Amino acid sequence: MTIGEKQQDIIEEFDMFDDWMGRYEYLIELGKSLPLIDEKYKLEENLIKGCQSQVWLHADNDGDVVKYTADSDAILTKGLIALMIRVLSDEKPEDIVNADMSFVDEIGLKEHLSPTRANGLVSMIKQMKFYALAMQAKN
């Protein structure tokens with residue numbers, strides 16, 4: 001599945017909910033299924049800067065794709081990073097770097113988050129792309 005196809009699936013999933021309470025609950029459920037980061041990566045250098053809550057993100061090069069793991073101390077933020085991992089993990093670095101992430105606007109995510117959470121979401125995406133760019137440079 002391409003990044004675009006994954007985004008389209010998420011847009012369709014969010015369209016099933018009539019209101020934002022349902023969407024928030026869905027995000028929280030997604031957070032519970034997040035592939036957790038190994039405790040050894042819960043370090044200061046893996047914290048995403050610009051997030052209101054603590055979010056640790058780790059990236060591994062797995063052959064020709066990037067695999068992300070993460071954790072957060074806030075349940076909604078866990079759902080947000082789980083959504084980003086679902087879209088970007090197991091993809092080639094160049095595809096991650098070039099991904100437009102338009103689904104974030106299409107599902108209305110930024111406008112329904114507090115300004116600090118919306119900034120944190122942007123920081124998550126930037127960090128994931130930065131890791132991919134670094135891996136792309138190594139290859």
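Position 1 is the first residue of the sequence, and the numbers go up from there. These numbers were taken from a predicted model, which means no experiment stands behind them.
- With sequence neighbours left out, the ring pair (Phe, Tyr, Trp, His ring centres under 6.0 Å) criterion links Phe17 to Tyr26.
- A pairwise comparison of heavy atoms in Gly108 and Trp20 identifies O-CZ2, 3.5 Å as the closest pair.
- Using modelled atom types, one side-chain atom of Lys129 and one backbone atom of Ala99 make a donor-acceptor pair closer than 3.5 Å.
- Judged purely by atom type and a 3.5 angstrom limit, Asn46 has no side-chain atom pairing as donor or acceptor with the backbone of His58.
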(message) Set out, in order, the CA-CA distance, both residues' side-chain angles and the distance that settles side-chain contact (heavy atoms from CB on, under 4.5 Å) for Ile96 and Phe130, then state yes or no.
(response) CA-CA 9 Å; Ile96 295 168; Phe130 177 76; over 6 Å; no
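- The minimum heavy-atom distance between Lys67 and Ser89, with the atom names listed, is CA-OG, 3.4 Å.
- Its side chain outside the 4.5 Å cluster rule for every partner, Leu43 clusters with none of the Ile, Leu, Val, Met, Phe, Trp and Tyr residues.
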Hey, can you pull the donor-acceptor pairs under 3.5 Å for the side chains in residues 100-107, sequence neighbours left out?
from	atom 1	to	atom 2	distance (Å)
Asp100	OD1	Ser102	N	3.1
Asp100	OD1	Ser102	OG	3.4

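- With a 4.5 Å cut-off between side-chain heavy atoms of Ile, Leu, Val, Met, Phe, Trp and Tyr, the cluster of Leu133 takes in Val97.
- Under the salt bridge (Lys or Arg N to Asp or Glu O under 4.0 Å) criterion, Glu111 pairs with no residue, sequence neighbours left out.
- In terms of heavy-atom proximity, Leu57 sits nearest to Ala70 at CD1-CB, 4.0 Å.
- The closest side-chain heavy-atom distance from Thr2 to Glu91 is not below 4.5 Å.
- At a threshold of 4.5 Å between side-chain heavy atoms, the hydrophobic network of Ile, Leu, Val, Met, Phe, Trp and Tyr places Met1 and Leu88 in two separate groups.
- With rounding to the nearest 0.5 Å, the separation of NZ in Lys92 from CG in Asp95 is 6.5 Å.
- Within a 6.0 Å radius of NZ in Lys42, more than 12 heavy atoms belonging to other residues, nucleotides or ligands are found.
- Cluster membership check: Met16 does not share its hydrophobic cluster with Tyr24, using side-chain heavy-atom separations under 4.5 Å among Ile, Leu, Val, Met, Phe, Trp and Tyr.
- Annotation: salt bridge (Lys or Arg N to Asp or Glu O under 4.0 Å) contacts involving residues 19-36, sequence neighbours excluded, comprise Glu29-Lys32.
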(request) Start with the C-alpha gap between Leu109 and Leu121, add the side-chain angles, then the distance that decides, and say whether side-chain contact (heavy atoms from CB on, under 4.5 Å) holds. (result) CA-CA 9 Å; Leu109 200 50; Leu121 178 62; 3.9 Å; yes
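- Connection of Ile125 to Val65 is not established within any shared hydrophobic cluster, with ILVMFWY side chains joined at heavy-atom distances below 4.5 Å, either directly or through further cluster members.
- Through direct or indirect side-chain contacts shorter than 4.5 Å among Ile, Leu, Val, Met, Phe, Trp and Tyr, Tyr41 is connected to Ile37, Leu47, Trp56.
- Residues passing the side chain to side chain contact (heavy atoms under 4.5 Å, CB included) test with Gln8 are Ile11, Glu12, sequence neighbours excluded.
- Evaluation of the ring pair (Phe, Tyr, Trp, His ring centres under 6.0 Å) test over residues 74-96, restricted to residues two or more places apart or in two chains, returns none.
- In terms of modelled atom types and a separation under 3.5 Å, the side chain of Asn98 and the main chain of Glu94 share a donor-acceptor contact.
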(message) Is there a side-chain contact (heavy atoms from CB on, under 4.5 Å) between Ile3 and Gln7? Walk through the geometry before answering.
(response) CA-CA 6 Å; Ile3 290 174; Gln7 290 187 59; 3.3 Å; yes
Expected list for residues 76-87: side-chain donor-acceptor pairs under 3.5 angstrom, two or more places apart:
from	atom 1	to	atom 2	distance (Å)
Thr77	OG1	Ser53	OG	2.9
Thr77	OG1	Arg117	NE	3.1
Lys78	NZ	Asp71	OD1	3.3
Arg86	NH1	Glu13	OE1	2.9
Arg86	NH2	Glu13	OE1	3.4
Arg86	NH2	Glu13	OE2	2.5

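- A search for ring pair (Phe, Tyr, Trp, His ring centres under 6.0 Å) contacts involving Tyr131 returns nothing, not counting sequence neighbours.
- In this structure, Lys126 has no salt bridge (Lys or Arg N to Asp or Glu O under 4.0 Å) partners at least two apart in sequence or on a different chain.
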